[in-house]
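To start, the structure itself, in structure tokens.
The analysis underlying the following values was restricted to heavy atoms, covering all of them including side chains, and did not include hydrogens, waters or symmetry mates.
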Amino acid sequence: MSKVLLTGGTGFIGSHTAVELLEKGHEVVIADNLSNSSRDIVDRIEKITGKRPAFYEIDVADRGALAALFEKESVEAVIHFAGYKAVGESVAKPLMYYRNNLDTSLTLLETMARFGCHRIIFSSSSTVYGALSPCPFREDSPVGGCSNPYGWTKFMIEKILQDAARADEQLSVVLLRYFNPVGAHESALIGEKPGGIPNNLMPFITQVAAGKRDHLNVFGDDYETPDGTGVRDYIHVVDLARGHVAALNYAEKHTGTEIFNLGTGKGTSVMEMIRAFEKANGLTIPFVIAPRRPGDLAFSYAETGKAETVLHWKAEKNIEDMCRDAWRFEKGLL
Ligand code: UD1
């Protein structure tokens, strides 16, 4: 069992990962500046697991504050979730994205080296594959076709981590390329709570279902896909969180860099997702067909064999579980 630091640990994926780690007996320390989450998430994690993670309200780019945390806690491994993640905002404010996402990662790596912490798992994204190769994306498919600064920060941090591991033979780096995380914990205590207008499909659907928005815009129905709408690999956030536990076990026994896709390997179109949500929850989702969104791909889904073979991890939940749990969480916010 390890003492694990989760940067951004009160966020959507971080909070679910904290729960899964605590349930497996690991110790969890959270560092988060609460820029896109709130302190009550720590109480909710405790409510679900019966264990309270240590919580530090700090900015990971604040070298002094981060060093003080490492001074106090004997951190054995880090899972690095902290970062800005809104695609549209990254196009409007690229410098803010590069500064924040790169600075936090560099300060974290330097601080880990200073305190002799040699294991890091990084929240990367399938967005690094861009439009360079056909699906399914494999871990050794070409990367770098990103369509926005957010994606490029993921690409650059992957590169920084790979170089750091090349230079330090004790370092163990695991890059996790997430596909499309959706759903919520079955307790409905934690889930996805975007501020403002949601960018992503599932939070938009749940807000339409809740009456917060009157309809969903389907961004394009003329793609080269079976029904013309975009196909994605949606993965339940609890499955994704469990992928981190598997990655942590792997990082304990290996050095160097290893990359894993975390997806289901199954593609679902926007129209299929709308219909699945309606069926799972007995609701109707009004929608209109709108123009394509710039930067969107027709297809994105994972080759999942490597994670299955090497991490012994596989996503278990289906689209119905994702739709049901996402709606249960959204209803709890009403
Ligand atoms: C997006 C980001 C990706 C990021 C990921 C995080 C873009 C171009 N990509 O992925 O970099 O890592 O979120 O989860 O923004 N859709 C609609 N109507 C909506 C919203 C979405 O039709 O209101 C469609 C999209 O066109 C797409 C699918 O739903 O076909 C999924 O979209 P979304 O949830 O935003 O995820 P990605 O675009 O795959």
Side-chain angles (χ1 to χ4, degrees), residues 12 85-88 90-91 125-138 141 145-148 150-151 177-184 192 194 196-237 239-240 261-304 315 317-327 329-330:
F12 175 44
K85 61 170 188 181
V87 171
S90 81
V91 176
S125 168
S126 55
T127 201
V128 299
Y129 294 115
L132 297 180
S133 44
C135 283
F137 295 132
R138 295 166 46 98
S141 297
C146 309
S147 63
N148 57 76
Y150 155 78
R177 293 183 180 151
Y178 308 154
F179 280 70
N180 290 58
V182 296
E192 190 170 15
I197 303 169
N199 295 298
N200 299 120
L201 180 64
M202 185 62 99
F204 211 104
I205 291 179
T206 59
Q207 290 199 4
V208 171
K212 292 181 183 168
R213 318 213 168 256
D214 55 53
H215 69 276
L216 170 76
N217 289 310
V218 174
F219 296 143
D221 68 348
D222 55 355
Y223 285 103
E224 299 290 305
T225 58
D227 66 15
T229 65
V231 169
R232 295 290 179 273
D233 184 341
Y234 297 95
I235 173 168
H236 196 294
V237 64
D239 277 331
L240 189 76
N261 286 338
L262 295 185
T264 65
K266 291 188 202 73
T268 302
S269 74
V270 177
M271 281 316 303
E272 285 171 333
M273 189 54 117
I274 296 171
R275 297 305 178 213
F277 189 91
E278 291 180 330
K279 186 158 176 252
N281 298 308
L283 291 160
T284 303
I285 301 298
F287 67 88
V288 300
I289 305 298
R292 291 183 180 192
R293 183 172 63 177
D296 274 356
L297 302 175
F299 288 100
S300 168
Y301 56 91
E303 162 60 51
T304 57
K317 294 177 184 280
N318 59 27
I319 291 284
E320 190 186 338
D321 300 322
M322 301 179 209
C323 291
R324 187 198 56 233
D325 292 340
W327 177 230
F329 176 72
E330 180 72 38

Q. According to the interplanar angle, ranging from 0 to 90°, do the rings of Tyr129 and Phe137 count as parallel (below 30°), tilted (30 to 60°) or perpendicular (above 60°)?
A.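 Tyr129 vs Phe137 ring planes: parallel.
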Locate the shortest heavy-atom distance separating [X] from [Y]; write the atom from each residue and the value.
| X | Y | answer |
| --- | --- | --- |
| His236 | Gly183 | NE2-CA, 4.5 Å |
| Asn217 | Ala290 | CB-CB, 3.8 Å |
| Met271 | Phe287 | CE-CZ, 3.5 Å |
| Val128 | Cys146 | CA-SG, 3.9 Å |
| Gly267 | Val231 | CA-CG1, 3.5 Å |
| Pro203 | Pro198 | CB-CB, 3.8 Å |

Find the distance between [atom1] ([X]) and [atom2] ([Y]) and round it off to the nearest 0.5 Å.
| X | Y | atom1 | atom2 | answer |
| --- | --- | --- | --- | --- |
| Ile197 | Phe204 | CD1 | CZ | 7.0 Å |
| Leu132 | Ser141 | CG | OG | 9.5 Å |
| Ile319 | Lys266 | CD1 | NZ | 8.5 Å |
| Glu320 | Asn281 | CD | CG | 9.0 Å |
| Ile205 | Leu283 | CD1 | CG | 11.0 Å |
| Thr304 | Arg138 | OG1 | CZ | 11.5 Å |

Side chain to side chain, [X] and [Y], heavy atoms closer than 4.5 Å:
| X | Y | answer |
| --- | --- | --- |
| Tyr234 | Met202 | no |
| Pro194 | Asn199 | no |
| Ser125 | Tyr150 | yes |
| Ile235 | Val182 | no |
| Ser269 | Thr225 | no |
| Met273 | Cys323 | yes |
| Leu297 | Phe299 | no |
| Phe179 | Thr264 | no |

Q. Quick one: side-chain contact (heavy atoms from CB on, under 4.5 Å) partners of Val270, sequence neighbours excluded?
A.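 By the side-chain contact (heavy atoms from CB on, under 4.5 Å) rule, Val270 matches Leu201, Val218, Thr229, Ile274.
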Q. Salt-bridged, Arg275 to Glu272, with N to O below 4.0 Å?
A. no
Q. Under 3.5 Å, side chain of Asp221 to main-chain N/O of Ile289, donor-acceptor pair present?
A.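 Pair absent, no side-chain N/O of Asp221 close to backbone of Ile289.
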**Q.** Within residues 283-293 or reaching into it, pairs that qualify as salt bridge (Lys or Arg N to Asp or Glu O under 4.0 Å) - sequence neighbours excluded
**A.** Asp222-Arg292, Arg293-Asp296
Q | More than 12 heavy atoms from other groups under 6.0 Å of NZ on Lys279 | A |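 Atom NZ in Lys279 is not packed in, count stays at 12 or less.
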